[in-house]
Amino acid sequence: MTEGIGSARAPANIALVKYWGKRDERLNLPEAGSLSVTLEGLEAHTTVRFGPSHPRDQLILDGHALPEVGMRRAVRILDRVREVAGVPHYALVQSTNSFPTAAGLASSAAGMAALALAASRAAGWDPSAEEASVLARLGSGSACRSIHGGFVEWIAGSREDGVDSHAVGVASPEHWPLEATVVLISEGEKPVSSTRGMAETAASSPYHAAWIGAVRHDLPVARAAVLARDFDALSAVAEGSCLAMHATMMAARPALCYWKPGTLQTLDAVARLRAEGRRMFFTIDAGPNVKVFAPPGDPDGALGALEALLPDKKTLRTRTGPGGSCVDETVSD
Ligand code: DP6
């Protein structure tokens with residue numbers, strides 16, 4: 001092979017039952033499973049070019065070259081693809097995000113899933129969805145869920161090599177097209193990465209074991225709620241999982257708190273609107289932003305009412321969306 005090129009797009013996903021704890025840091029193997037919803041329109045678009053003219057792996061994200069330390073995750077994926085497909089070349093990777101990077105909007109999940117799909121295509125390898133999910137996981141754990149659309153479960157697996165730790169589709173986007181708004185509290189980089197936050201929580205939080213137990217309990221409850229389209233049941237389990245994850249990290253020593261005053265202001269607004277009978281639920285990842293979901297078509301006008309209560313906050317509308325895929329258009333600078 002002289003040159004190989006491949007492009008892909010992949011969406012962000014938001015966990016409703018969260019991943020926060022690894023049993024293997026190198027392979028991003030989780031202590032427990034997790035369940036997410038894939039989000040429409042919040043995407044990474046990535047083009048990979050393998051070839052003899054590249055003196056090293058290089059990643060250009062939104063027009064800026066990433067320093068070598070920022071490339072480690074990407075290189076794990078590129079190395080694995082080179083190994084499987086027998087490609088002897090370095091790669092030039094160009095990627096753009098349609099949403100703020102590293103603001104708790106799962107940008108690394110979208111980016112690593114798009115990279116996994118684009119790099120395999122560029123190497124002439126056509127992985128199964130399972131293999132693509134395992135590959136994306138090497139870059140960032142939650143990325144394994146962005147391969148699929150709709151509602152997605154990451155099966156924790158038990159093997160040491162991680163080949164059984166991948167995502168599977170639970171239900172398609174059409175099964176239950178939930179509406180959502182992302183309330184942007186801060187668009188800056190988060191101060192503590194998920195990787196570090198998880199390690200510190202597992203090492204020092206007195207609640208860590210209880211948290212992992214709660215995830216194992218919540219997973220089948222959330223899966224059943226999705227399959228039955230039971231919004232109230234999903235609301236209870238998703239908010240419970242989110243708050244339990246943040247509680248366990250707040251109890252770590254030193255404490256880890258991603259929330260800002262605007263985070264609580266948004267939770268308060270959700271509580272007020274719900275008290276008026278509008279159906280909605282919130283979730284928060286490793287950042288201050290709040291994602292709020294409403295049933296299909298948002299019959300109570302919950303999201304508009306929330307946005308009206310928070311006039312100084314930027315919001316992004318989205319809904320249950322499709323998974324990642326290879327595309328023909330290429331990304332260039
Ligand atoms: C709070 O997948 O970003 O969003 O595997 O270290 O890259 P690494 O972590 P990452 O963690 C995501 C944490 C979370 C919860 C979730 O998405 O399940």
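Whatever order the structure lists ligands and atoms in, that order sets their numbers, starting from 1.
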Enquirer: Examine ligand 1 and decide if any of its atoms is less than 4.0 Å from a heavy atom belonging to K22.
Expert: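 Yes, K22 has a heavy atom closer than 4.0 Å to ligand 1.
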Enquirer: Under a 3.5 Å threshold, yes or no: a donor from one side chain and an acceptor from the other, between S128 and E130?
Expert: no
Enquirer: One residue to check: N28. Relative to ligand 1, which of side chain, backbone, both or neither has a non-hydrogen atom less than 4.0 Å away?
Expert: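 Under 4.0 Å from ligand 1, N28 contributes side-chain atoms alone.
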Enquirer: Less than 4.0 Å is my threshold; does some heavy atom of M245 fall inside it relative to ligand 1?
Expert: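 Yes, that is the case, since the closest heavy atom of the residue is under 4.0 Å from the ligand.
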Enquirer: Using a heavy-atom cut-off of under 4.0 Å, does the side chain or the backbone of R137 touch ligand 1, or both, or neither?
Expert: neither
Enquirer: Quick one: which ligand 1 atoms are inside 4.0 Å of a heavy atom on W20?
Expert: 1 (C), 13 (C)
Enquirer: I would like to know whether L135 and W125 meet side chain to side chain contact (heavy atoms under 4.5 Å, CB included); could you show each step before the answer?
Expert: CA-CA 12 Å; L135 184 60; W125 172 37; 3.8 Å; yes
Enquirer: Can a donor-acceptor pair be found between the side chains of T283 and K18 at a distance below 3.5 Å?
Expert: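 Yes.
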Enquirer: Would you call S34 a ligand 1 contact, heavy-atom distance under 4.0 Å?
Expert: no
Enquirer: With the side chain counted from C-beta on, respond yes when V237 and L16 share a heavy-atom pair under 4.5 Å apart, and no when they do not.
Expert: no
Enquirer: Using a strict 4.0 Å cut-off to heavy atoms of A286, name the atoms of ligand 1 that fall inside it.
Expert: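 Near A286, the atoms of ligand 1 are 1 (C).
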Enquirer: Quick test of your reading of the structure: of G287, G21, S142, whose heavy atom lies closest to atom 2 (O) of ligand 1?
Expert: S142
Enquirer: Decide whether H45 and E329 meet the rule of one side-chain donor and one side-chain acceptor closer than 3.5 Å.
Expert: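 No, no side-chain donor-acceptor contact under 3.5 Å.
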